[in-house]
Amino acid sequence: MTAKKPLITTTGADPRLAGGRLTIDLDALATNWLFLAEKSKPAEASAVVKADAYGLGIVHVVPALWQVGCRTFFVALAEEGLRVKAVAPDARVFVLNGFFAEAFEAYCQSDLIPVLGSVHELDLWKHLNSRRKDKLPFALHVDTGMNRLGITVEEALTFAADLRNPKPVLLMTHLATADDQAHALNRKQIESFQKLRVAFAGIESSIANSPGIFHASIGKYELSRPGVAMYGGEPLSAAANPMRPVVTLEARVVQIRTGLKGETVGYGATATLKRDTRIAVCSVGYADGYLRSASGSGVPLRGAVPNGGVGFVAGSKVPIIGRVTMDLTSFDITDLPLDAVSPGDYVELFGHNIALDDAARAAGTIGYELLTSLGNRYHRRYLKSESH
């Protein structure tokens, strides 16, 4: 049976005018979520769509996930939660980044659920909620070793013991080192959370982020929270990535020029040519979220990460030469045939031929930062088959 042609939705800059394009494969996103949902069983899998769905667009990502069965979503901000509700009105949406009194009315009107992570937030929520006949739900975040958000384990146990306190609809914590399965902190956090589950018996609980889903203890909890793995990122730091690539970033070639042996390239004259060199100058830079730290030379981290980023064009990987600048990045295409690359062609920066996390490592960072840094000057293409 012939596969149906992908449906393409386009947003962002006009492709005739843009310097690059961003392709988001919503089928791959849905497939990744289904894989993580199966891996999470018997827990339910939610989806973390904070930071505008990791930079890919809540308005596109949430409907694609809803269509394959995702019903619970996590966002950082209430504003993001409202955007989820706009495209999935029946979704259950938890807001992670704190609660402020002036936001209470929005919670009353939207069915968003705050994740409360301090005694101050709990007291404030109880006070405001006491004025309502129909009490609004909340989730409770407990810090078991992250030292970021969350009440302490002792505070949570005290809260649970006081029968006058309202019950949360969800008990959660966040793993600090789940991508390193051998790290001792994983066991400590899981053991602490298990004590909390006893104290909050009968309440839905959640501990597993993307790497946590691959931890052997995942079956003990009721809700997982996949994030970066759903978008194609590596869930574990020392294992092959089982996820399908979702995002492909490409930059357009503006000009091809030849630099002579002994000449320098770019700002700071940081790259000295060791041979006559053909250079493809592409319309992408740090103003587009392609990080300056991916430069081939002239950035401090090159002492720790010897090689800069690479592109992929005409079937080969080609290295960045010199510094990534605001709007332009140069690639060494000397080893390609003379007619292999022309102005107007596209160079892949990450996607199917260069892994997201490999591109991130070359820039001394992680895939999360690359995805969430992507600017708005790209032409965006969202691919989705009719069967989905």
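Both backbone and side-chain heavy atoms feed into the values below; hydrogens, waters and symmetry mates do not.
At least one side-chain heavy atom of Arg197 sits under 4.5 Å from a side-chain heavy atom of Glu222. Counting only heavy atoms from C-beta outward, the side chains of Pro166 and Lys135 never approach each other to under 4.5 Å. Residues Thr9 and His60 form a side-chain contact, since some pair of their non-hydrogen atoms from C-beta on lies under 4.5 Å apart. For the pair Leu124/Phe100, no side-chain contact is recorded, criterion being any heavy-atom separation below 4.5 Å from C-beta on. With contacts defined as side-chain heavy-atom distances shorter than 4.5 Å, the pair Leu370/Phe350 qualifies. Contact of the Asn307 side chain with the Pro319 side chain is not registered, since no non-hydrogen atoms from C-beta on lie closer than 4.5 Å. Between Ile24 and Leu29, the closest side-chain pair of non-hydrogen atoms is not below 4.5 Å. Between Leu140 and Phe200, the closest side-chain pair of non-hydrogen atoms falls below 4.5 Å.
The minimum heavy-atom distance linking Gln67 with Lys384 is given by the pair OE1-NZ, 2.9 Å. Contact record, Thr258 with Arg278: OG1-CG, 3.8 Å, taken as the closest heavy-atom pair. Taking each heavy atom of Asp143 and Asn147 in turn, the nearest pair found is OD1-N, 2.9 Å. Leu196 and Ala156 get closest at one heavy-atom pair: CD2-CB, 3.6 Å. Between Leu301 and Ala363, the closest heavy-atom pair is CD2-O, 3.4 Å. Contact detail for Ala37 and Ala45: the closest heavy-atom pair is CA-CB, 3.6 Å.
With hydrophobic clusters built from ILVMFWY side chains whose heavy atoms lie under 4.5 angstrom apart, Phe214 shares a cluster with Tyr231. At a threshold of 4.5 Å between side-chain heavy atoms, the hydrophobic network of Ile, Leu, Val, Met, Phe, Trp and Tyr places Val68 and Val93 in one connected group. A single hydrophobic cluster is not seen to contain both Tyr346 and Val313; linkage of ILVMFWY side chains at heavy-atom distances under 4.5 Å, directly or through other members, places them apart. Connection of Val115 to Leu170 is established within a shared hydrophobic cluster, with ILVMFWY side chains joined at heavy-atom distances below 4.5 Å, either directly or through further cluster members. Put simply, Val48 and Met146 are part of two different groups of oily side chains (I, L, V, M, F, W, Y) that touch within less than 4.5 Å, one to the next.
Here the CG-CG distance, from Leu149 to Asn97, works out to 6.0 Å after rounding to the nearest 0.5 Å. Atoms NE2 and OH, on His215 and Tyr221 in that order, are 8.5 Å from each other to the nearest 0.5 Å. A distance of 11.5 Å separates CG in Leu96 from CD1 in Ile113, rounded to the nearest 0.5 Å. A distance of 10.5 Å separates CH2 of Trp33 from CH2 of Trp66, quoted to the nearest 0.5 Å. The OG atom of Ser373 sits 14.0 Å away from the OH atom of Tyr368 when rounded to the nearest 0.5 Å. Rounding to the nearest 0.5 Å gives a distance of 14.5 Å between CD1 of Ile203 and CE of Met172.
Inspection of the Thr270 and Ser297 side chains reveals an N or O donor paired with an N or O acceptor under 3.5 Å. Using a 3.5 Å distance cut-off with no hydrogens or angles, the side chains of Thr23 and Arg381 do pair a donor with an acceptor. When only modelled atom types and interatomic distance are considered, Ser40 and Ser224 share a side-chain donor-acceptor pair under 3.5 Å.
Using a 4.0 Å cut-off between charged nitrogen and carboxylate oxygen, Glu204 and Arg92 count as a salt-bridge pair. Here Asp335 pairs with Arg275 in a salt bridge; the nearest charged N to carboxylate O distance falls below 4.0 Å. Using a 4.0 Å cut-off between charged side-chain N and carboxylate O, Glu79 and Arg83 make a salt bridge.
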Is there a side-chain contact (heavy atoms from CB on, under 4.5 Å) between Leu291 and Val324 once you walk through the steps?
CA-CA 7 Å; Leu291 304 178; Val324 174; over 6 Å; no

Please step through side-chain contact (heavy atoms from CB on, under 4.5 Å) for the pair Val228 and Tyr54, ending with a clear verdict.
CA-CA 8 Å; Val228 73; Tyr54 284 49; 3.9 Å; yes

Between Val253 and Ser342, is the side-chain contact (heavy atoms from CB on, under 4.5 Å) condition met? List the steps.
CA-CA 7 Å; Val253 177; Ser342 302; over 6 Å; no

Does the pair Phe99 and Phe138 meet the rule for a ring pair (Phe, Tyr, Trp, His ring centres under 6.0 Å), with working shown?
CA-CA 10 Å; Phe99 169 72; Phe138 70 96; over 10 Å; no

Between Thr277 and Asp332, does the side-chain hydrogen bond (donor to acceptor under 3.5 Å, both in side chains) criterion hold? Intermediate values first, please.
CA-CA 7 Å; Thr277 303; Asp332 183 346; 4.8 Å; no

Can Val341 and Val318 be said to form a side-chain contact (heavy atoms from CB on, under 4.5 Å), step by step?
CA-CA 11 Å; Val341 184; Val318 291; over 6 Å; no

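Within the structure, side-chain hydrogen bond (donor to acceptor under 3.5 Å, both in side chains) pairs that include any residue of residues 176-185 comprise Thr177-Asn186 (at least two apart or interchain).
Under the rule for a ring pair (Phe, Tyr, Trp, His ring centres under 6.0 Å), His379 has no partner lying at least two apart in sequence or in another chain.
Using a distance-only test at 3.5 Å, with no hydrogens or angles considered, no donor-acceptor pair links the side chain of Lys50 to the main chain of Phe74. With hydrogens and angles ignored, the 3.5 Å screen pairs a side-chain donor or acceptor of Asp276 with a backbone N or O of Lys261. For the pair Ser192 (side chain) and Gln189 (backbone), a donor-acceptor distance under 3.5 Å is absent. In this structure, the side chain of Arg302 engages the main chain of Val305 through a donor-acceptor pair within 3.5 Å. Listed for the Thr72 side chain is no donor-acceptor partner under 3.5 Å among the backbone atoms of Ser46. No donor-acceptor pair under 3.5 Å is formed between the side chain of Glu348 and the backbone N or O of Thr248. Under a 3.5 Å cut-off, the side chain of Glu234 and the backbone N or O of Asp357 do not form any donor-acceptor pair. With hydrogens and angles disregarded, a donor-acceptor distance shorter than 3.5 Å links the side chain of Ser210 to the backbone of Gly227. A distance-only check finds a donor-acceptor pair linking the side chain of Thr329 to the backbone of Val284 [under 3.5 Å]. Judged by distance alone, with hydrogens and angles left aside, the side-chain atoms of Asp327 form no donor-acceptor pair with the main-chain N or O of Gly285 at under 3.5 Å.
Below 30°, between 30° and 60°, or above 60°: for Phe104 and Trp125 the angle between ring planes is above 60°, a perpendicular geometry.
Ile321 belongs to a hydrophobic cluster with Val254, Val265, Leu273, Ile279, Val281, Leu328, counting contacts under 4.5 Å between side-chain heavy atoms of Ile, Leu, Val, Met, Phe, Trp and Tyr, direct or through other members.
Remark: Arg71 CZ is packed, more than 12 non-hydrogen atoms of other residues, nucleotides or ligands lying under 6.0 Å away.
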